[in-house]
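What follows is one structure encoded as structure tokens, with my remarks underneath.
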Amino acid sequence: MFFKYHYCILLILILAASICIKASEIRRYRFVVREALYERLCEKKWILTVNGKFPGQTLKVHAGETIVVDVLNKGNYNITLHWHGVKQPRNPWTDGPAYVTQCPIRPGSRFSQKVIFSKEEGTLWWHAHSDWSRATVHGAIVVRPKPGGTYPFPKPDKEVPIILGEWWREDVMKVMEEFVASGGQPRDSNAYTINGQPGDLYPCSSPNRFVMKVDRGKTYLLRIVNAAMNEILFFGVACHALTLVATDGCYTTPLTKDYVAISPGQTMDCLLRADQAPGQYYMATQPYTNGFGITFDNTTATAVLQYSRARPAPAEFPKLPLPNDTSAALNYTFSIKSLMSKLRPFIVPRKIDKQIITTVSVNAFPCGPGETCVGRNGTRLAAAMNNVSFVAPPIDILEAYFYQISGIFSKKFPLSPPFVFNYTSNFIPFELQIPKKGTKVAMLRYNSNIEVVFQGTNQVVGLDHPMHLHGFSFFVVGWGFGNFDPIKDPLRYNIADPQKRNTVIVPKNGWVAIRFTADNPGVWFLHCHFERHTTWGMETVFIVRSGRGAEERVLPPPPDMPPC
């Protein structure tokens, strides 16, 4: 009896010690959200930042690691933070989208966010997910292989984050409030940025341009993030090829081009070989857009690639595609394939349990009494999926689902378009352009195989749409122009080596098909990553029901969830 007692005590002590060791291994970061004074384009203004930095700090982790980010809001606005591309297994509580998985962190409040990494490797990013604050509240996440692991490509000599963004002279929150009140388009940004700097082609910007110093003969891994609010971007480096090796935290078959096309929300890892004559070479980014009658910031941000011991000389400029070059953008986007590897196997779902076909569209509401309506033909602009323009509820959907609070959301998101018509026609009757407002979600059975077909439309205006799904990476199995044909188009799917993404571009007046297995229980946001379209309502929510076992259920909520 004496032996059994001491044996039990010993086991308890060992278990407690192992728990303490495991807890001590979880690294913590402190994010203080606060206003900071920055000068760009000859003018100073206060912007919302994390720890006073723009862009914010880069988080560096290993695959499978868990970290905790202690967020303290000392700013003037409510805030949430999202860990873009991180699966967060069973942990939607700290995923971040406002009124979907949490209520915002109010000024003066704090929230400790556990971020659980799993199989992601490569570049991801973090950003604010409330109103338009992500314009300045964002930063990169570098996910390296597990200790002892290796890259599936030659190890680079150095890794360099390249964060592409937009800059407004005005406070971006006022820009948002202004266009919501008007019912029209938001005003265009005044500049694009590379690592927070506009570069040589803008006033008062040359002295602080970003300079990347390189040594001839060495290889550099550019970790590219498109943190812009509303524009797909081309990016390139003069006289240097870019070899894509990963997208959205997933490795790819190497693809070498002179440029990349990258949408808001997407990340790309590209190898650059410093193999040119010592000198200075421009990096540049400029927009891609093809919407008729849509205004956009048609400027170019620059940075400099500078060789060591290079003599001063005029810098070479990259040859980027024209802003309306659809072929260049989509040929690049859909030439990407996943890397087939025994070390990193993957299985593309073949038997589909549920198919969702959803239109993604810009819409319009008729002008109501007392409203300001500067949208097309005197309307108020909106956006929708399957003719439902999403309305944020008074409390977050995750809380309502977990605690079974009724009346917050409907489980009846349409699994197919409610009206069947020629979605890409040049003429669509006005009555088909008017959506319905609602908070509707789609319910998914745990571990079921899901196919989602995003159908672009020409309602009000045809545009590309970068669609982002939280909680999952998915396989892009097919795409095309025109209306999706459920009989013919699946015959052309790529099931062998489709690219794996968390954000995909739906081409203007075209469609994209994705597949994934719903193996992550919880509440997960699906939305367009053009910020104006999210503001207008182009989003929905997938709720993945829990499975039967303890490891197939949503984790319990943290004790410091922000109140509604």
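None of these values were measured; they are calculated from a predicted model.
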- Message: With heavy-atom distances below 4.5 Å as the criterion, would you say the side chains of Leu164 and Ile262 are in contact?
- Response: yes

- Message: Hydrogens and angles aside, do Thr101 and Asp95 bring a side-chain donor and acceptor to less than 3.5 Å of each other?
- Response: no

- Taking the six-membered ring for Trp, are Phe475 and Phe346 ring centroids under 6.0 Å apart? yes

- Item | More than 12 heavy atoms of other groups within 6.0 Å of Arg30 CZ | no

- Message: Can you give me the closest heavy-atom contact between Pro507 and Phe481, atom names plus distance?
- Response: CB-CE2, 4.0 Å

- Message: Would you call the rings of Trp126 and Phe31 parallel, tilted or perpendicular, taking 30° and 60° as the class edges?
- Response: tilted

- Any side-chain heavy-atom pair from Glu35 and Tyr77 closer than 4.5 angstrom? yes

- Task: Quick one: do Ile514 and Glu451 satisfy side chain to side chain contact (heavy atoms under 4.5 Å, CB included)? Show the steps, please.
- Result: CA-CA 6 Å; Ile514 67 170; Glu451 178 174 288; over 6 Å; no

- Does one side chain, of Tyr288 or Asn324, offer a donor that lies under 3.5 Å from an acceptor on the other? no

- Message: In the structure I gave you, are the side-chain heavy atoms of Phe525 and Leu469 within less than 4.5 Å of one another anywhere?
- Response: no

- Taking 4.0 angstrom as the limit, do Glu159 and Lys60 come out as a salt bridge? no

- Of all heavy-atom pairs between Arg273 and Thr219, which one has the smallest distance, and what is that distance? NH1-OG1, 3.1 Å

- Judged by atom type as modelled, is there a donor-acceptor pair below 3.5 Å linking the side chain of Gln499 to the main-chain atoms of Thr333? yes

- Item | NZ/NE/NH1/NH2 to OD/OE distance under 4.0 Å, Lys45 and Glu170 | no

- Less than 4.0 Å between a side-chain N and a carboxylate O, is that true for Lys87 and Glu120? no

- Got Leu242 and Leu271 here, is their nearest side-chain heavy-atom distance under 4.5 Å? no

- Considering only heavy atoms from C-beta outward, does the side chain of Ile495 approach that of Arg515 to under 4.5 Å? yes

- Pick one: which of Leu222, Asn226, Thr285, Val237 meets side chain to side chain contact (heavy atoms under 4.5 Å, CB included) with Ile162? Leu222

- Task: State whether a side-chain donor-acceptor pair under 3.5 Å links Ser205 with Asn208.
- Result: no

- Test side-chain hydrogen bond (donor to acceptor under 3.5 Å, both in side chains) on Trp132 and Thr535 and set out the steps. CA-CA 9 Å; Trp132 276 35; Thr535 302; 3.0 Å; yes

- Message: Over 60° means perpendicular and under 30° means parallel, so tell me whether His468 and His84 are parallel, tilted or perpendicular.
- Response: parallel

- Residues Ser189 and Asp297: side-chain donor-acceptor under 3.5 angstrom: yes

- Message: Classify the ring geometry of His129 against His527: parallel below 30°, tilted from 30° to 60°, perpendicular beyond 60°.
- Response: perpendicular

- Message: Classify the ring geometry of Tyr38 against Phe54: parallel below 30°, tilted from 30° to 60°, perpendicular beyond 60°.
- Response: perpendicular

- Message: Looking at every heavy atom in both Gly456 and Val506, which two are closest together, and how far apart are they?
- Response: N-CG1, 4.0 Å

- Message: If the threshold is 4.0 Å, N to carboxylate O, is there a salt bridge linking Arg223 and Asp269?
- Response: yes

- Query: After noting the C-alpha distance and the side-chain angles of Val304 and Arg209, does the key distance pass the side chain to side chain contact (heavy atoms under 4.5 Å, CB included) rule?
  - Reply: CA-CA 8 Å; Val304 171; Arg209 66 187 181 181; 3.6 Å; yes

- Query: Going by the angle between their ring planes, with limits at 30° and 60°, are Phe530 and His533 parallel, tilted or perpendicular?
  - Reply: perpendicular

- Item | Modelled atom types, side-chain donor and acceptor of Gln185 and Arg532, under 3.5 Å | no

- Message: Could you tell me if the side chain of Glu531 sits less than 4.5 Å from the side chain of Glu166, heavy atoms only?
- Response: no

- Message: Could you check whether Thr247 and Gln266, counting side-chain N and O atoms only, form a donor-acceptor pair closer than 3.5 Å?
- Response: no

- Item | For the student: nearest non-hydrogen atoms of Asn509 and Gly462, plus distance | OD1-CA, 4.2 Å

- Message: Would Phe484 and Tyr423 count as a ring pair (Phe, Tyr, Trp, His ring centres under 6.0 Å) here? Give the steps.
- Response: CA-CA 10 Å; Phe484 174 73; Tyr423 309 111; over 10 Å; no

- Between Asn331 and Ser327, a side-chain donor and acceptor under 3.5 Å: yes

- Measure the shortest side-chain to side-chain distance between Thr123 and Ile224 over non-hydrogen atoms and say whether it is less than 4.5 angstrom. no

- Task: Would you please test Asn290 and Thr326 for side-chain hydrogen bond (donor to acceptor under 3.5 Å, both in side chains) and show each step?
- Result: CA-CA 7 Å; Asn290 60 3; Thr326 297; 3.1 Å; yes

- Item | Member of Arg27, Arg144, Lys146, Lys119 meeting the salt bridge (charged side-chain N to carboxylate O under 4.0 Å, His left out) criterion with Glu65 | Arg27

- Message: Strictly below 4.0 Å, N to O, side chains only: are Asp464 and Lys508 in salt-bridge contact?
- Response: no

- Task: Find out whether Phe454 and Trp511 are in side-chain contact, i.e. whether some heavy atom of one side chain is under 4.5 Å from a heavy atom of the other.
- Result: no

- Item | Donor + acceptor pair across side chains of Asp497, Ser338 (<3.5 Å) | no

- Give me the ring orientation class for Tyr251 and Phe153: parallel if the planes are under 30° apart, tilted from 30 to 60°, perpendicular past 60°. perpendicular

- With no hydrogens and no angle check, do the side chains of Gln113 and Tyr29 hold a donor and an acceptor under 3.5 Å apart? no

- Message: Assess the residue pair Ser308 and Asp215 against the criterion (side-chain hydrogen bond (donor to acceptor under 3.5 Å, both in side chains)); give the C-alpha distance rounded to whole Å, side-chain angles, the decisive distance to 0.1 Å, and a yes or no.
- Response: CA-CA 6 Å; Ser308 58; Asp215 295 322; 2.8 Å; yes

- Message: With no hydrogens and no angle check, just 3.5 Å: does a side-chain donor-acceptor pair link Tyr202 and Thr299?
- Response: yes

- Please report the shortest heavy-atom distance between Leu48 and Ser133, naming the atom on each side. CD2-CB, 4.0 Å

- Query: Within a radius of less than 6.0 Å around CG of Leu491, do more than 12 heavy atoms belonging to other residues, nucleotides or ligands occur?
  - Reply: yes

- Does the pair Lys319/Asp258 count as a salt bridge with the N-to-O cut at 4.0 Å? no

- Query: Would Trp479 and Phe334 count as a close aromatic pair, with their ring centres under 6.0 Å?
  - Reply: yes

- Task: For the residue pair His138 and Trp125, categorise the inter-ring angle as parallel (less than 30°), tilted (30 to 60°) or perpendicular (more than 60°).
- Result: perpendicular

- Message: For a quick test of reading the model, state the closest non-hydrogen atom pair linking Cys204 to Leu41 and the distance between them.
- Response: CB-C, 4.4 Å

- Item | Test item: side-chain donor near acceptor, Thr243 and Thr256, under 3.5 Å | yes

